[in-house]
Amino acid sequence: MNDMFKDVVSTYINGEYVAPEDARISAFDRGLIFGDGIYEVVPIYAGQAFRWEEHLARLNRNLDTVAIPRPHTPQEWNQLVAKLLAPATGTDHYLYIQVTRGVAPRNHVFPDAIQPTVFAYVQKMAPVATAALNEGVAVITIPDFRWHRCDIKTTSLIANVWLRQQAKERGATEAILVRDGMVTEGAATNVFAVMDGIVRTAPQSPDLLPGITRDLVVELMQRHGVEYEQRAFTERQMIDADEVWMTSSTNEVIPVGRINDKVVADGRPGPEFRRVYDLFQQFKAQCRAAAKQHVG
Ligand code: PDD
């Protein structure tokens, strides 16, 4: 098998389970030509899709928004995902799902009655580095030059990949995006900042993705009495904040240690981060235990 795919444990394309190197689509697929598709990234812990209902709901909502027909019922998705997850034992994995509008001669207008293309795979996921958790990661701030529907999880990601690349070239892990002076989100993360003991994250709007991890962190803070507000903050407020963290399905909750060239507070992940990180890990452990009980 090609080494490029060594961490991929299962692959699905349009009704077939195949080796990753055999997952092929037409060059006329609108996903390829226009980035005309929707996707999801779902963490897999102990062989279980984490927050699956929430991810599926977002996928369906996004498909409806851009008028791509839902290719599967929830029951069909469950069967498909169960089969893909069968080899995902031991370490953590993630599930990638992509649904494009399908194959048709190039025309901007949506074609009538074509079959969506469904592609999915499961891959091993490296745990977040201990150094990142202990010291925080470096980020840059950069103008958010994306479109005005960043709430849609679309495969049209050239802006995001370009922004993330700029972060990498400046020695940073993530690009935190700023629109009209306000922090929207990261190139592939949501952003939290702690100011005067209160955790803040931008409210949902078309300017940012309604992250599943973000929503879970908000839910956990609510449930455990952590003081928080869903209220936008400026780039300056973030740079001067006591703590800054980011969330995503592949990073969970990760602290920021440096923004541009300025160290955040004393440069160490703060007490609110520790608390929320622990709540997140406890929640994961409970889900694992519940899944085991279910199987046993
Ligand atoms: N990215 N904002 C953007 C622009 C994202 O691409 C992501 C996730 C998030 C966090 O959302 P969630 O908590 O649902 O993962 C926020 C995924 C992981 C990716 O593209 O790989």
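We count ligands from 1, going down the list as the structure has it; atoms in each ligand are counted the same way.
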Notebook entry, point to check: Does any N/O atom on R214 come nearer than 3.5 Å to any N/O atom on ligand 1?
Noted result: no
Note to self: Within the 4.0 Å heavy-atom shell around N160, which atoms of ligand 1 are there?
What the structure shows: 4 (C)
Next item on the list: Name the closest protein heavy atom to atom 10 (C) of ligand 1, giving the residue it belongs to and the distance to 0.1 Å.
Entry: N190 OD1, 3.6 Å
Margin query: Do R106 and F28 form a cation-pi contact, if we require the NZ or CZ to be under 6.0 Å from the six-membered ring centre and within 45 degrees of the ring's axis?
Written below: no
Check: For ligand 1, which atoms sit closer than 4.0 Å to a heavy atom of G211?
Finding: 11 (O), 12 (P), 13 (O), 14 (O)
Item checked: Side-chain ion pair, D92 and K124, N-O less than 4.0 Å -> no
Next item on the list: Consider every N or O of T213 and every N or O of ligand 1, then say whether any pair is closer than 3.5 Å.
Entry: yes
Margin query: Tell me the protein heavy atom at minimum distance from atom 17 (C) of ligand 1, and give that distance in Å.
Written below: K153 NZ, 3.5 Å
Item checked: For E185, atoms of ligand 1 separated by under 4.0 Å from a heavy atom -> 2 (N), 3 (C), 4 (C), 16 (C)
Note to self: Using the rule side-chain contact (heavy atoms from CB on, under 4.5 Å), only one of P111, P116, S26 pairs with V103; which is it?
What the structure shows: S26
Item checked: Protein heavy-atom partner closest to atom 6 (O) of ligand 1 - residue, atom, separation in Å -> A188 CA, 3.4 Å
Check: Contact between Y94 and ligand 1, counting heavy atoms under 4.0 Å?
Finding: no
Check: Charged N to carboxylate O below 4.0 Å: is that the case for E219 and R51?
Finding: yes
Next item on the list: Heavy-atom distances under 4.0 Å are what count here, so tell me which part of L157 touches ligand 1: side chain, backbone, both or neither.
Entry: neither
Notebook entry, point to check: Minimum heavy-atom separation for R268 to N134, with atom names?
Noted result: NH1-O, 3.3 Å
Margin query: Please check whether S248 reaches ligand 1 - meaning an N/O of the residue sits under 3.5 Å from an N/O of the ligand, judged on distance alone.
Written below: no
Notebook entry, point to check: Should you measure from each heavy atom of S249, which atoms of ligand 1 turn up under 4.0 Å away?
Noted result: 12 (P), 13 (O), 14 (O), 15 (O)
Check: How does V41 reach ligand 1, if at all, at less than 4.0 Å between non-hydrogen atoms: by side chain, backbone, both, or neither?
Finding: side chain
Item checked: E16, CD: over 12 other non-hydrogen atoms inside 6.0 angstrom -> no
Margin query: Below 4.0 Å from ligand 1: does a non-hydrogen atom of A187 turn up there or not?
Written below: yes
Note to self: Ignoring hydrogens and geometry beyond distance, is a side-chain donor-acceptor pair present between Y277 and E252 at under 3.5 Å?
What the structure shows: no
Check: Honestly, is K83 close enough over Y17, meaning NZ or CZ under 6.0 Å from the six-membered ring centre and within 45° of the axis?
Finding: yes
Check: Hey, does Y39 come in under 3.5 Å of ligand 1, counting only N/O atoms on both sides?
Finding: yes
Next item on the list: Heavy atoms only: give me the nearest P43-H55 pair and the separation to one decimal.
Entry: CD-NE2, 3.8 Å
Margin query: Counting only nitrogen or oxygen atoms and a 3.5 angstrom limit, does T247 reach ligand 1?
Written below: no
Check: Is the closest heavy-atom distance from R58 to ligand 1 below 4.0 Å?
Finding: yes
Check: Would you call R236-D240 a salt bridge at under 4.0 Å N-O?
Finding: yes
Next item on the list: May I ask you to say whether E40 pairs ionically with K153, meaning some side-chain N is under 4.0 Å from a carboxylate O?
Entry: no
Note to self: Please report whether ligand 1 has a polar contact with I212, defined as an N or O pair separated by less than 3.5 Å (distance criterion only).
What the structure shows: yes
